[in-house]
Amino acid sequence: MITISDINPNDDLVFFCSEDISSINTYFSKEELNYIQSKLKKDEHYFTFSRLHQQFFFINDKHQKSEDLEKIRKAGDSIQMALNAEKKESFSIVGVSDKDRLIALVEGIRLGNYQFVKYKQDKKKNTLSEVKIQEGVMTDTEVEELNIVLDAVCFCRDLVNEPIIKLDAVKFAEQVEAKAQEAGMKTEVFNKTKIESLKMGGLLAVNKGSIDPPTFTILEYKPENAINEKPLIFVGKGVVYDTGGLNIKTANYMDNMKSDMAGAAGMAAVSIAIAKAKLPIYIVCLLPATDNRLNGNAYASGDVITMYNGTTVEVLNTDAEGRMILADALSYASQYDPELVIDMATLTGAAVRAIGSNAITGMQVKARTWTDLLIDSGYKVFERIAELPMWDDYKEQLKSDIADQKNIGGVEAGAITAAKFLESFTNYPYIHLDIAGPAYKTSRDSYRNVMGTGVGVRLLFDFTKQFIDQQKK
Ligand code: BES
Ligand code: ZN
Ligand code: ZN
């Protein structure tokens, strides 16, 4: 929690400082000032020292690039670790010259401080709960907005971290709906009967091997002051658990598949944040959800499925299930006549093989300008996007002898063929984000923490604000 308040000089203190340290003279002895100056001269980005029980942290304020904001987030994580180790509950940040840098620091602290310990008996809970900042750098509204976004990242992580035994498709929809209603959104959750009556063949096919029903959740936010007539639509892959189905995942490839709904969790979280922050924009969020399991009735290789839009798909791998459920949601999106649709999904191992696990692969159709804006947001919040091409030759790989197309391509360019499959269900400007790499960490990665990272939430919140600014112009 961030609050604006006066600085108590006896608090633990974080200083933003450049080589000119005259502004912090009053806090330190001559000896200490010499030490600080020598560290700053050595160009150390971040350093710390203590005086009895009081800890001081210094962030060198000289640099201004986006990589430097990332260094500040990481320093924020180190600071929260040091303060929690001493069981501190709050501390103050002093001498900030720039809002973006303060935000980066708070992000690192708050997201590093996040824990998912509800299933541990020995919870070893972090004590830190308040970050105090001085008046003048951020307005009350900006502070509130930052709190909302960071809460949303944590909400996304909570959903991703919850194991399948605790969070099936129905419970996922319930949790999202409750939070969205709190934020004043209009919500609707389609149950299995409704999904059947709508003939969402892709979602139903994936759900066939499950004993739990699927859900299709719709969140809508349309404030009176919305700057757009046609909505911005967010679609998320909500595979609450991916066994692979009959093409079962082997070795340890199944271990982290509770996270296969990270796209849906992220889209739900950012939509709720947009509503809570009362951004002047009309948005819709579509969240198809099911587990991908196998039983006697599971969908099988060779099956031909009629999708929601009436086209047919030859299933040649039941583990390519994300695109089956997303396809129905993307066709469903058409009826809103959207300005832009963005989907986010833990879709392919191929995306991870292509660019590793620290970035998102992005692909676009008829959305060049929006994509450039999104890529900019990616650098700013350091959830970077590497764009892959969407040339039509990749589509050749999806040709089927029996149906309109297959659900898998060949061995090459798997992230792109998946996107080409999805594209065929769209008729509007479209951006596809594959977060299979950055959505989940098996070991702690600084402020991105361990397990669900909440990737996409800060990215799409920032993008939405840019989208609003652009539309106003
Ligand atoms: N959920 C997986 C993709 C994934 C892999 C997410 C690793 C996170 C980490 C997806 O449903 C899947 O299994 N994709 C297959 C597609 C293939 C069968 C065409 C893959 O990438 O191997
Ligand atoms: Zn799969
Ligand atoms: Zn999957």
What I'd like to find out is whether the side chain of Val341 reaches to under 4.5 Å of the side chain of Tyr336, using heavy atoms alone.
no
Rounded at 0.5 Å granularity, tell me how far CE in Met307 sits from CG in Asp328.
4.5 Å
OG/Ser271 to CG/Leu279 distance, rounded to the nearest 0.5 angstrom?
11.0 Å
Do side-chain atoms of Asp303 reach the backbone of Ala300 as a donor and acceptor pair under 3.5 angstrom?
yes
Return the set of residues passing salt bridge (Lys or Arg N to Asp or Glu O under 4.0 Å) with Glu188 (not counting sequence neighbours), or none when no residue passes.
none
Beyond-backbone contact of Arg110 with Asp151, side-chain heavy atoms, under 4.5 angstrom:
yes
Suppose the criterion is ring pair (Phe, Tyr, Trp, His ring centres under 6.0 Å): which pairs have a residue in residues 221-268, not counting sequence neighbours?
none
Looking at Lys192 and Asp212, is there a salt bridge between them, counting it only when a charged N and a carboxylate O are closer than 4.0 Å?
no
With a 4.5 Å limit on heavy-atom distance, are the side chains of Ile211 and Arg293 in contact?
no
Indicate yes or no: at least one non-hydrogen side-chain atom of Thr346 is less than 4.5 angstrom from one of Asp242.
no
Presence of salt bridge, Lys71 and Asp68, under 4.0 angstrom
yes
N-O pairing of Lys171 and Glu174 below 4.0 Å
no
Using a 3.5 Å distance criterion without hydrogens, assess whether the side chain of Thr453 forms a donor-acceptor pair with backbone atoms of Pro438.
yes
Can you tell me if Ser301 uses its side chain to pair, donor with acceptor, with the backbone of Leu316 under 3.5 Å?
yes
Are any of the side-chain nitrogens in Lys118 or Glu162 under 4.0 Å away from the carboxylate oxygens of its partner?
yes
Checking Tyr332 against Phe216 for the ring pair (Phe, Tyr, Trp, His ring centres under 6.0 Å) test, could you report, in this order, the C-alpha distance in whole Å, the side-chain angles of both residues, the deciding distance, and whether it holds?
CA-CA 11 Å; Tyr332 190 86; Phe216 189 97; 5.2 Å; yes
Please report the C-alpha distance between Asp376 and Gln466 in whole Å, then the side-chain angles of each, then the deciding distance to 0.1 Å, and finally whether the side chain to side chain contact (heavy atoms under 4.5 Å, CB included) criterion is met.
CA-CA 10 Å; Asp376 282 351; Gln466 307 307 323; over 6 Å; no
Measure from NZ or CZ of Arg384 to the centre of the six-membered ring of Phe382, then state whether that distance is under 6.0 Å and the direction lies within 45° of the axis.
yes
Leu128 backbone acceptor or donor facing Asn84 side chain under 3.5 Å:
yes
Examine the side chains of His432 and Asp343 and answer whether a donor and an acceptor come within less than 3.5 Å of each other.
yes
Drop me the distance from Ile305's CD1 to Asn407's CG, to the nearest 0.5 angstrom.
9.0 Å
What's the separation between atom CD1 in Ile408 and atom CG in Asn317, rounded to the nearest 0.5 Å?
5.0 Å
May I have the step-by-step check of side chain to side chain contact (heavy atoms under 4.5 Å, CB included) for Gln405 and Phe421, ending in yes or no?
CA-CA 8 Å; Gln405 61 180 332; Phe421 177 87; 3.6 Å; yes
Is a donor on one side and an acceptor on the other found under 3.5 Å between the side chain of Thr361 and the backbone of Ala386?
no
Partner of Asn161 under side chain to side chain donor-acceptor pair (under 3.5 Å), chosen from Tyr114, Tyr440, Tyr119
Tyr114
If you measure only the distance, is there a donor-acceptor pair under 3.5 Å linking the side chains of Asn292 and Thr243?
no
Hey, does Ile431 have a side-chain heavy atom less than 4.5 Å from the side chain of Gln364?
yes
4.5 Å side-chain heavy-atom contact, Gln471 and Ile281:
no
Salt bridge (charged side-chain N to carboxylate O under 4.0 Å, His left out): pairs with one or both residues in residues 427-453, sequence neighbours excluded
Glu70-Arg448, Asp77-Arg444, Lys441-Asp445, Asp445-Arg448
Donor-acceptor contact below 3.5 Å, side chain Asn228 vs main chain Tyr282:
yes
Within the supplied structure, the quantity of interest is the number of heavy atoms (other residues, nucleotides, ligands) at a distance under 6.0 Å from Glu412 CD; does it exceed 12?
no
Checking the side chain of Asn113 only, and the main-chain atoms of Gln80 only, is there a donor and an acceptor separated by less than 3.5 Å?
no
Taking NZ in Lys230 as the centre, count heavy atoms belonging to other residues, nucleotides or ligands within less than 6.0 Å. Is the count above 12?
yes
Inter- and intrachain pairs under side chain to side chain donor-acceptor pair (under 3.5 Å), touching residues 201-211, at least two apart
Asn207-Thr290, Ser210-Asp291
Looking at Ser259 and Val160, would you say the former's side chain and the latter's main chain have a donor-acceptor pair under 3.5 Å?
no
Taking it one step at a time, do Leu204 and Glu196 satisfy side chain to side chain contact (heavy atoms under 4.5 Å, CB included)?
CA-CA 7 Å; Leu204 289 165; Glu196 281 169 344; 3.8 Å; yes
Residue pairs involving residues 252-271 (criterion salt bridge (charged side-chain N to carboxylate O under 4.0 Å, His left out); sequence neighbours excluded)
Lys237-Asp260
According to salt bridge (charged side-chain N to carboxylate O under 4.0 Å, His left out), does anything in residues 346-375 pair up with another residue at least two apart or in another chain? List the pairs.
Arg368-Asp372, Arg368-Glu387
Evaluate the ring planes of Tyr394 and Trp391, with Trp represented by its six-membered ring, and classify them as parallel (under 30°), tilted (30 to 60°) or perpendicular (over 60°).
parallel
Determine yes or no for a side-chain-to-main-chain donor-acceptor pair under 3.5 angstrom, with Thr215 supplying the side chain and Val170 the backbone.
no
Does the side chain of Leu460 reach to within under 4.5 Å of the side chain of Ile342, using non-hydrogen atoms?
yes
dist Asp401:CG -> Glu314:CD (nearest 0.5 Å) comes out at 7.0 Å
When you compare the side chain of Val313 with that of Arg323, does any pair of heavy atoms fall below 4.5 Å?
no
Does Arg73 use its side chain to pair, donor to acceptor, with the backbone of Leu105 at less than 3.5 Å?
no
Can you measure from OG1 (Thr417) to NZ (Lys406) and round to the nearest 0.5 angstrom?
10.0 Å
